[in-house]
Amino acid sequence: MRKFFTGLFILLFSIALIGGGALLYIFSKTKQEMPNLQKLISEYKPLEPTSIYDVNGNLISRMFLEDRQPVSISEIPQDLKDAFVAIEDKRFYEHNGVDYLRTGKSVFENVVSGRKAQGGSTITQQLSRNAFLDLNKTYTRKIKEVIIARELEKSFTKDQILEMYLNKINFGQQSYGVKVAAKTYFDKELSDLTLAESAMLAGIPNRPTTYNPMKKLPNAIERMNLVLLMMLRNNFITQAEYDLAKSHKFVYEDEATDLDKSDKNTTIVMQRKRIKRGTVAPEFVDYVTKELMSKFDEDEIKGGGYKVYTTIDLNIQAEAEKALKESKALAKHDDRNGALVSLDPNTGYIKAMVGGRDNKAGDFNRATDARRQPGSSFKPFVYFTALDKGYSINSMVEDSLVTYGSWTPKNYGGGPTEPRYVTLLEAIKKSLNTVAVKIANEVGIDAVIERAKLAGIESPIPSVLSVALGSNEVTPLELARGYATFANGGYNVKPIAITKVTDRDGNTLHENKIERKLVFNPKKVAEIVYMMIQAVNAGTGTPARAYYNKQQVAIAGKTGTTNDSRSAWFAGFSPDLVTTIYVGKDNNKPMSGGTTGGNDVAPIFGKYYNS
């Protein structure tokens with residue numbers, strides 16, 4: 001019998017020795033096959049959203065693969081840290097990355113059950129897996145997980161590891177890290193979380209779908225109770241704190257009463273995610289996104305933690321949206337749409353961009369992509385060409401009907417019934433078509449086209465005389481750029497949406513410099529600006545007049561209306577802001593009611609600038 005037990009001992013010892021040796025060999029071989037762990041860990045950077053800011057530093061939007069807002073360990077409430085340690089890794093502060101007792105138990109249960117059911121991973125191991133490995137449940141991955149965890153413990157303190165973990169983990173609903181999770185589920189900042197809320201959040205990552213408070217609140221409460229129990233058993237909370245937290249009430253926002261909302265022992269659970277992409281200035285965000293995509297890889301943009309500084313002013317943007325949406329031109333006509341774009345004529349900085357009446361990310365951006373006939377708002381290029389070629393403001397031109405081939409241009413409303421002479425100034429104030437065509441014919445339509453292109457109009461312009469009345473097509477942004485050349489004294493200035501892009505460490509990756517080029521004689525520009533001011537003061541653009549402290553402000557501009565009222569425009573400027581507004585139907589069919597730039601669009605400009 002003694003020989004039997006001796007032999008059995010030797011057999012078991014040999015098996016253990018061989019098994020241990022084999023395990024050491026596997027660990028050694030696996031580690032050799034892995035990349036340089038110190039370099040891997042030191043260069044690790046979690047995916048972070050790219051943030052887009054307005055000119056005043058206000059957050060406009062975030063672009064992300066994983067919605068995450070990293071915070072320091074000092075910003076995370078102690079209850080929340082304790083809740084995670086209690087439910088995920090109660091010996092976190094004692095082990096060196098691997099809880100061998102828990103791991104052994106896990107391996108035993110997996111072998112007995114015949115499936116990889118029990119994880120047994122410490123917080124450090126979970127961080128290793130989530131940050132550096134895939135999520136496939138294999139023994140090889142488990143070995144790698146242990147190796148990386150040990151290396152992490154050598155490189156970082158426990159607080160640093162816990163901070164990385166709490167910023168990394170997935171809470172479902174495209175929410176990663178505790179800061180975003182608190183906002184997603186409770187619409188709260190971390191500092192405002194209660195013990196019960198902290199326990200509920202700590203219970204989610206185990207199975208984000210199963211314990212999602214938005215979708216399965218009873219499951220989330222059951223899991224929360226388990227977390228609280230573990231906190232009590234491990235002396236993180238007292239019995240009194242446990243009892244109070246367990247009695248805490250959770251109610252969905254759509255079911256919450258006024259009493260629920262005022263009760264500090266009741267938490268309102270969100271039923272939809274508050275943080276949405278593209279809800280503020282959506283067309284501008286899309287415009288910025290296109291530029292970013294042309295310069296950076298999409299994964300870099302959505303996960304690199306870039307900061308994008310833009311030119312838009314959200315205060316101006318809000319007034320622009322309000323003026324367009326609440327205008328009579330749109331409010332009473334569901335079949336119409338429009339656009340508004342404003343930019344600083346001296347820098348080219350886009351200050352506001354409204355691409356339609358219903359602002360949504362991904363929608364058609366009429367401010368940048370809708371090409372429509374500008375009508376009479378194109379006439380300033382005709383009159384500027386005349387000034388540039390020797391005409392004066394007071395040059396006399398006959399207002400009379402003349403036929404060019406088979407076309408006889410007439411003024412708005414018909415006529416004139418009898419020929420008469422008018423100055424160029426009176427012609428632009430009254431938006432006389434006959435005079436504009438005569439001037440274009442005399443100076444040459446190609447000369448007009450040349451100056452329009454010098455001012456920044458990039459859309460094709462056909463060499464036909466009807467261009468004098470705006471028969472060509474432009475986008476609102478193009479026309480704003482063209483008018484900016486008048487507003488700034490003759491400089492073609494390139495529109496800019498992004499001023500600078502930096503990485504998460506503040507290094508500049510891309511920067512747009514102001515691009516200005518003198519293309520017109522400033523003296524001649526001053527003359528056309530004077531004429532355009534008079535078009536607002538005493539011409540078709542009077543509804544666009546603006547005031548400050550009851551004093552009229554100089555506004556230069558021009559109305560535009562195309563045949564059958566298919567498009568109506570007003571484009572104008574003050575010394576520091578040029579704006580183009582367009583109203584029309586997306587199918588380019590005529591608008592009813594004799595819609596004009598003067599009666600229907602100029603008032604939008606006036607309301608916008610007076611606000």
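Along the sequence shown, the residues carry numbers beginning at 1.
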Separation of [Y] [atom2] from [X] [atom1] (nearest 0.5 Å):
{"X": "L201", "Y": "Y211", "atom1": "CG", "atom2": "OH", "value": "15.0 Å"}
{"X": "T310", "Y": "I60", "atom1": "OG1", "atom2": "CD1", "value": "3.5 Å"}
{"X": "L479", "Y": "K558", "atom1": "CG", "atom2": "NZ", "value": "11.5 Å"}
{"X": "T580", "Y": "W569", "atom1": "OG1", "atom2": "CH2", "value": "7.0 Å"}
{"X": "R62", "Y": "K307", "atom1": "CZ", "atom2": "NZ", "value": "10.5 Å"}

*asked:* Less than 6.0 angstrom separating the ring centers of F296 and Y306, yes or no?
replied: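 Yes - the distance between ring centres of F296 and Y306 falls below the 6.0 Å cut-off.
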_By side chain to side chain donor-acceptor pair (under 3.5 Å) - contacts of D335 (at least two apart)_ = K585
_Nearest heavy atoms of Q317 and A352, plus distance in Å_ =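 Q317 and A352 have their closest heavy atoms at OE1-CA, 3.3 Å.
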*asked:* Can you confirm whether the side chains of D369 and N365 place a donor and an acceptor under 3.5 Å from each other?
replied: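 Not at all, the side chains of D369 and N365 share no donor-acceptor pair under 3.5 Å.
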Answer yes when [X] and [Y] have at least one side-chain N-carboxylate O distance shorter than 4.0 Å, and no when they do not.
{"X": "K513", "Y": "E511", "result": "yes"}
{"X": "E458", "Y": "R481", "result": "yes"}
{"X": "K302", "Y": "E66", "result": "no"}
{"X": "E253", "Y": "R272", "result": "yes"}

Is the shortest side-chain heavy-atom distance between [X] and [Y] below 4.5 Å?
{"X": "V71", "Y": "N167", "answer": "yes"}
{"X": "L340", "Y": "E321", "answer": "no"}
{"X": "D192", "Y": "F186", "answer": "no"}
{"X": "H510", "Y": "N512", "answer": "yes"}
{"X": "Y185", "Y": "F171", "answer": "yes"}
{"X": "K183", "Y": "K188", "answer": "no"}
{"X": "I204", "Y": "P213", "answer": "yes"}

*Which of these, I301, V308, V288, I52, sits in a side chain to side chain contact (heavy atoms under 4.5 Å, CB included) with V501?*
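Option passing the side chain to side chain contact (heavy atoms under 4.5 Å, CB included) with V501: V308.
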*Looking at residues at least two apart in the chain, or sitting in another chain, which of them share a salt bridge (charged side-chain N to carboxylate O under 4.0 Å, His left out) with D576?*
none
*Would you call the rings of Y165 and F84 parallel, tilted or perpendicular, where under 30° means parallel and over 60° means perpendicular?*
perpendicular
*asked:* Students often mix this up, so state it plainly: with edges at 30° and 60°, are the rings of F381 and F378 parallel, tilted or perpendicular?
replied: tilted
Expected list for residues 467-477: side-chain donor-acceptor pairs under 3.5 angstrom, two or more places apart:
from: S471; atom 1: OG; to: S466; atom 2: O; distance (Å): 3.2
from: S471; atom 1: OG; to: S466; atom 2: OG; distance (Å): 2.8
from: S471; atom 1: OG; to: V467; atom 2: N; distance (Å): 3.3
from: T475; atom 1: OG1; to: E478; atom 2: N; distance (Å): 3.1

